[in-house]
Structure formats: C-alpha cells, structure tokens
Amino acid sequence: MATVLSGTSGALYYSPAGTSVTTLTASAFPSSGGNITVGTQLGYKVNDTVTLTYPSGATVTNCIPGAPTAYFVKTYDASTGVMTVSSTAGGSAVTASAAPTFTAGTFASIVFTKPLVVGSVREWSFEITRAEIDVTSIGQTVTQTAPFRTFISGFADGSGSASVYSTDDDTLLSSRMVEDVIQRQQAGAKVRLYIDRQMSGANVDQNASRSILADIILTSASFNVNPDDGQVVEIAFRPSAAPTFDLSKSA
C-alpha cells in the first residue's frame with residue numbers, strides 16, 4: 001500500500017472571477033462584424049480561453065461558431081461590455097455575416113474554458129464542516145445519569161485558503177487570483193484542488209488523479225512582506241455551491 005506524501009503531487013488550478021456569462025440573448029451577437037455584447041465590469045482579459053455555447057435548436061448559419069470551438073479573448077472593454085474573440089492567441093477577430101436566432105427564454109453562454117494551473121502556489125487547504133441541529137426532546141425519563149442531548153446533521157459549509165508567491169510577472173494567474181478578491185462580479189471563479197495530480201504527457205490524467213472541484217467566492221487577501229522570505233499572499237475563499245469530490249483513483 002502506497003502512501004501519498006503531502007505536497008509531492010498536489011496542485012491548484014483556477015478559473016478567474018467574472019469570466020462566466022450564461023444569459024446572452026440572440027441580440028448580444030453581431031449580424032456583421034465581431035462585437036459580442038457580454039456585459040460590463042466583468043473579469044475577462046486578453047487571451048483568456050473561452051467557450052461559446054448556443055442553446056439547443058439555435059440557428060447559427062454564418063454566425064460566430066459555437067462549441068466545441070474554443071476561442072481566445074481578443075478584446076474586452078469593461079465599460080461597454082463588448083468582446084471580440086479570435087481562433088488563436090493574438091489572431092484576427094472572428095466575424096459573422098448573420099446574427100443567430102433562438103427562442104426567447106433560452107440563452108447562450110461564454111465561459112472560461114477550464115481551470116488552469118497556478119504555478120506559484122506554496123500550499124493550499126480546504127475544510128468542509130457540517131452544522132449540527134439540536135433535536136433534544138423535553139420530558140425525558142429521569143434516570144441516575146444525566147440525559148444526553150440529541151443532534152442531527154444540518155447543512156454543509158466549507159472554507160479554503162491558498163498561499164501564493166508574489167512575483168514581478170503581473171501576467172501570472174497567481175497575480176490575477178489576488179486581484180480577483182476585489183472583482184465585484186465573481187461568477188466563473190472556480191478551483192480544482194489536486195490532492196494527487198497524475199500527468200499523462202502534458203495533460204492531467206483525471207482518472208488517476210484525486211481532486212476537489214468547486215465554484216468559489218474569493219473573500220480575502222493577506223499580504224506578508226519581510227526581507228528574509230519570498231513575498232507570500234494568503235488567499236481565502238469558500239465554495240459558492242456544493243463541491244465535487246473525486247477522491248478515488250481508477251489506476
């Protein structure tokens with residue numbers, strides 16, 4: 001029986017805050033050109049990898065193609081909410097000669113494609129707790145010993161943290177994670193916490209790895225600066241929905 005040594009194969013992957021829009025109507029897409037109106041004050045950055053998905057049954061002839069095509073954000077103006085996308089990083093904007101059509105009440109989405117590795121993480125932690133509900137009944141039979149209270153389990157909650165190194169490269173995902181603490185729109189923020197990450201070539205072997213996947217809200221960033229150690233920022237977060245636990249290994 002092998003023991004997994006803490007820290008030898010763990011990792012933290014992250015999808016930035018403000019990079020998930022799931023309520024785009026047909027009018028958000030261009031009938032000509034490449035401007036997509038996704039909404040203001042979001043967290044998209046140039047060269048973010050995003051996936052465009054239209055609702056089932058949408059007519060998208062001559063429109064900007066949807067999934068499974070993956071795109072890179074070419075431009076995003078937070079003040080106007082207009083985005084353009086390209087098929088390659090730094091490439092030309094994808095354009096349309098017709099707008100999509102789909103039924104009212106159904107929506108398209110543009111979301112960050114998948115969490116990416118944060119390479120400058122020193123450690124992470126994640127805790128799940130359960131509330132306890134006191135259901136002790138009054139009027140119990142008196143005995144020589146004190147009666148015990150009765151409890152049942154209630155809602156679950158969680159909290160997590162990550163220690164990330166501060167570097168002089170502002171483009172790193174770790175720097176963005178710190179900045180996202182004050183990003184007002186948190187939709188899209190997600191972590192995949194690998195307890196035991198196993199690689200198959202350049203890709204993660206999800207079947208052989210163990211991980212926790214959670215949509216999160218970022219709650220705080222604590223900076224620690226001293227002359228003797230690397231500069232570390234402590235990021236705190238909590239799940240915004242039920243996490244997915246994949247703690248079994250099929251290989």
Side-chain angles (χ1 to χ4, degrees), residues 13-116 170-171 173 175-192 213-219 237-244:
Y13 283 54
Y14 176 63
S15 291
T19 59
S20 176
V21 177
T22 59
T23 56
L24 296 176
T25 63
S27 63
F29 297 92
S31 57
S32 64
N35 289 348
I36 307 170
T37 304
V38 297
T40 61
Q41 300 177 351
L42 299 174
Y44 294 104
K45 304 287 187 183
V46 172
N47 288 333
D48 276 354
T49 56
V50 294
T51 300
L52 163 62
T53 304
Y54 291 106
S56 177
T59 302
V60 293
T61 305
N62 298 324
C63 303
I64 295 174
T69 303
Y71 292 113
F72 295 85
V73 174
K74 181 172 179 61
T75 61
Y76 172 67
D77 188 329
S79 63
T80 64
V82 173
M83 172 190 292
T84 61
V85 297
S86 57
S87 297
T88 59
S92 300
V94 177
T95 60
S97 58
T101 58
F102 44 89
T103 305
T106 59
F107 303 99
S109 65
I110 295 182
V111 301
F112 200 85
T113 301
K114 63 180 180 179
L116 299 176
D170 295 337
T171 65
L173 202 54
S175 297
R176 191 160 172 189
M177 192 176 189
V178 174
E179 294 172 353
D180 280 352
V181 171
I182 57 172
Q183 168 67 32
R184 183 174 64 85
Q185 302 277 10
Q186 290 283 314
K190 185 189 300 285
V191 292
R192 184 180 285 275
L213 179 65
D215 294 312
I216 63 168
I217 56 171
L218 297 150
T219 57
F237 55 87
R238 67 185 311 130
S240 58
T244 300

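Numbers here simply count residues along the sequence, with the first being 1. Worth knowing before you read on, the calculation uses all heavy atoms, side chains too, and leaves out hydrogens, waters and symmetry mates. Just so we're clear, the structure is a prediction, and the values are computed from it rather than from any experiment.
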Considering non-hydrogen atoms only, spot the tightest contact between [X] and [Y] and give its length.
{"X": "Gln183", "Y": "Leu42", "result": "NE2-C, 3.6 Å"}
{"X": "Met83", "Y": "Tyr76", "result": "CB-CD1, 4.1 Å"}
{"X": "Thr61", "Y": "Ala98", "result": "O-CB, 3.6 Å"}
{"X": "Pro100", "Y": "Phe29", "result": "CD-CB, 3.5 Å"}
{"X": "Val38", "Y": "Tyr44", "result": "CG2-CE1, 4.3 Å"}
{"X": "Phe107", "Y": "Thr22", "result": "CB-O, 3.4 Å"}

- Are any side-chain N or O atoms of Gln186 and backbone N or O atoms of Asp180, one a donor and one an acceptor, separated by less than 3.5 Å? yes

Under 4.5 Å between any side-chain heavy atoms of [X] and [Y], yes or no?
{"X": "Val94", "Y": "Pro65", "value": "yes"}
{"X": "Thr101", "Y": "Cys63", "value": "no"}
{"X": "Tyr14", "Y": "Leu116", "value": "no"}
{"X": "Thr40", "Y": "Ser79", "value": "no"}

If you measure from [atom1] on [X] to [atom2] on [Y], what distance do you get to the nearest 0.5 Å?
{"X": "Thr106", "Y": "Leu24", "atom1": "OG1", "atom2": "CG", "answer": "11.5 Å"}
{"X": "Asn62", "Y": "Ser32", "atom1": "CG", "atom2": "OG", "answer": "12.0 Å"}
{"X": "Met177", "Y": "Ile216", "atom1": "CE", "atom2": "CD1", "answer": "5.0 Å"}
{"X": "Ser240", "Y": "Asp215", "atom1": "OG", "atom2": "CG", "answer": "4.5 Å"}

- Message: As a test of understanding, state which of Ser86, Ser87, Ser92 forms a side chain to side chain contact (heavy atoms under 4.5 Å, CB included) with Lys74.
- Response: Ser86

Enumerate donor-acceptor pairs with a distance under 3.5 Å from any side-chain N or O in residues 45-60 to protein atoms, sequence neighbours excluded.
residue : atom : partner : partner atom : Å
Asp48   : OD1  : Arg176  : NH1          : 2.7
Asp48   : OD2  : Lys45   : N            : 2.9
Asp48   : OD2  : Arg176  : NH1          : 3.4
Asp48   : OD2  : Arg176  : NH2          : 2.7
Thr51   : OG1  : Thr113  : OG1          : 3.0
Tyr54   : OH   : Ile64   : O            : 2.7

